[in-house]
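The chains referred to below are lettered A, B, ... by the order of the sequence lines, with proteins before strands, and numbering in each begins at 1.
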There are 2 protein chains.
Amino acid sequence: MDGMTQSQPNGPQLARLAALLADETRASFCLALLDGRAWTAGELARLAGVAASTASEHLSRLVAGGLLAEERQGRHRYVRLAGPQVAQLIEDLSGHAAPPPAPRTLRAAGAGEAMARARTCYDHLAGRLGTAITDAMLERGLLEGTTGFALTEAGVDWFGRLGVDLASAPRGRRPMARSCLDWTERRPHLAGVAGAALCRHALDAGWCVRIGTQRALRVSEEGRRALSGLLGVRTADL
Amino acid sequence: MDGMTQSQPNGPQLARLAALLADETRASFCLALLDGRAWTAGELARLAGVAASTASEHLSRLVAGGLLAEERQGRHRYVRLAGPQVAQLIEDLSGHAAPPPAPRTLRAAGAGEAMARARTCYDHLAGRLGTAITDAMLERGLLEGTTGFALTEAGVDWFGRLGVDLASAPRGRRPMARSCLDWTERRPHLAGVAGAALCRHALDAGWCVRIGTQRALRVSEEGRRALSGLLGVRTADL
DNA sequence: CCGGTGGTTCGGCCCCGGCCGAACCGTCGG
DNA sequence: CCGACGGTTCGGCCGGGGCCGAACCACCGG
């Protein structure tokens, strides 16, 4: 009876992964990268308020740990999340973390309000917009919610009428529909291949436009009409 | 333009949560507790090979962080995962961690083989047994897998015929059906309320019995007949 | 060719936190 | 009432790692 009978997914491996996110600076990097875009090392350093050298070391660790993918261009080091699985990991984790404290400044409160209205969550829609769309799809039977989380046949057709062929959408082991906990609404919104396709369509069709450099979104007049007509979503408060 | 424009789910919160799992000893505690049962502080200390005092401190941190629930009984301190959300968190995280290295000893290899055949994963079935059942349910249309992960009407009926009324099963915000990545098979198996109900039924009906003190399971003769008849699952290699 | 700038490497500082053993406390059993 | 035992608290040790600034390298622009 040795005392070291390992539980299978070795503790060390789990600890090594968690340690990557256990630092405040690295965590803030990953949260920033949740916007799905590639950032330069300098941008992230300024965001977190650390020296460039410090950021550089953190990025190397995150890349070595497989969480980030890097791409060197000239004298810039661009870095982004390594893939949807990583985005999901960060989302899941922050969904279980304690709710954020109230914003300090008026500016921050304003920015927070914009994010709460509508934003991207890696590659799908979130905020009140995201949950409102998800709710409407559940209500209209495009999405099944009581026995799990899956697109219905009607849902697949609905995407088809939008001009989005989900069958031909690129998917590896990624689920078609997935529930992602919204950290402002504290309720689920649509993620996965379908969520990403919907977000892409919304941006391509001009339903939403990005606000400044953040991942917050503004719903266009065209978008309001489309959402109202297609899903009956009231966008008055967005 | 302050450099500290926070991403919303405050980095610090995420880091604090991750830090709880970023220690090898604490990680091994959590993985052990994935069997869904309550362990005493001493058992966990011996498992991880640390002094009782060290284990005590780790447990206090995990409890304070909300990952573990404790229950004092006489001179014992029993501790278990705080709930299914926590179990899911650990599962998700270890699903993304690097695969475990090959076992060192023959004993360990044997125990690993037993775990790979059939085991519990917090409160549902896993291992080859778990994935075989899930595959069969997908094949028979009891479970929807191509557009998400949800129980079909036929699936709800199937549970009803087993004598399991899912509508009356206790569920808070917990999803009815959820996909959980199996770390031996590297494929999904059924979790969530339905997965837990199935596991409970399998144990109650004597389809499976626990092997020793581990979370490995043995499929009984009765269980083989039931699984073969109900789902066409071949249990020859289990 | 020569600044300006983004990124990296290195050395050094310092603190956090994981570990232990010893002392202590409470419960259980005789 | 007393020993045995599980658990906790405290002090002290020590290593890891996060941070910075300085020096350095590479690319880009004029």
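Phosphate contact (OP1/OP2 of C:dT8, side-chain N/O of A:R75, threshold under 4.0 Å): absent. The side chain of B:R77 contributes no N or O atom lying less than 4.0 Å from OP1 or OP2 of C:dG26. Listed pair B:T54 / C:dC19 fails the phosphate criterion, with no side-chain N or O lying under 4.0 Å from OP1 or OP2. The phosphate of D:dA26 (OP1 or OP2) has no side-chain N or O of A:H76 nearer than 4.0 angstrom. Regarding contacts with the backbone of D:dC19, a side-chain N or O of A:H58 is found under 4.0 angstrom from either OP1 or OP2.
Straight-line distance from the OH atom of A:Y78 to the C1' atom of D:dC27: 13 Å, rounded to whole Å. As a whole-Å value, the separation of B:D23 CG from C:dG17 C1' is 9 Å. Atom P of nucleotide D:dC28 and atom CZ of A:R72 are separated by 14 Å, given to the nearest angstrom. Atom CD of A:Q73 and atom C1' of C:dG7 are 15 Å apart (whole Å). Separating the CD atom of B:E57 from the P atom of D:dG6 is a distance of 19 Å, rounded to the nearest angstrom. Rounded to whole angstrom, the span from the CZ atom of A:R61 across to the C1' atom of C:dT8 amounts to 17 Å. Taking atom CZ on B:R16 and atom P on C:dC16, their separation rounds to 16 Å, with Å as the unit. For the pair B:W39 CH2 and D:dG6 C1', the interatomic distance rounds to 17 Å; values are reported in whole Å.
Note on B:R128 versus B:E113: salt bridge recorded, some NZ/NE/NH1/NH2 to OD/OE distance being below 4.0 Å. Using a cut-off of 4.0 Å between Lys/Arg side-chain N and Asp/Glu carboxylate O, B:E91 and B:R178 are scored as salt-bridged.
Residue-to-nucleotide proximity on DNA chain D shows that, of A:R26 and B:A41, the 5′-proximal contact is made by B:A41.
Residues B:R119 and B:T184 have side chains that bring a donor and an acceptor to within less than 3.5 angstrom of each other.
The listed nucleotides are C:dC10, C:dG17, D:dT8; the one nearest the side chain of B:A52 is D:dT8. Here the nucleotide nearest the side chain of B:S53, chosen from D:dT9, D:dC20, D:dT8, is D:dT9.
Contacts of B:T25 with the nucleic acid, taken as non-hydrogen atoms under 4.0 Å apart, involve only primed sugar atoms and P, OP1 or OP2. B:T40 comes within 4.0 angstrom of the backbone, heavy atoms only, and of no base.
The only member of A:R215, A:R80, A:R174 that meets salt bridge (Lys or Arg N to Asp or Glu O under 4.0 Å) when paired with A:D123 is A:R174.
The main-chain N or O of B:G206 is found under 3.5 Å from a side-chain atom of B:S220 such that the two form a donor-acceptor pair.
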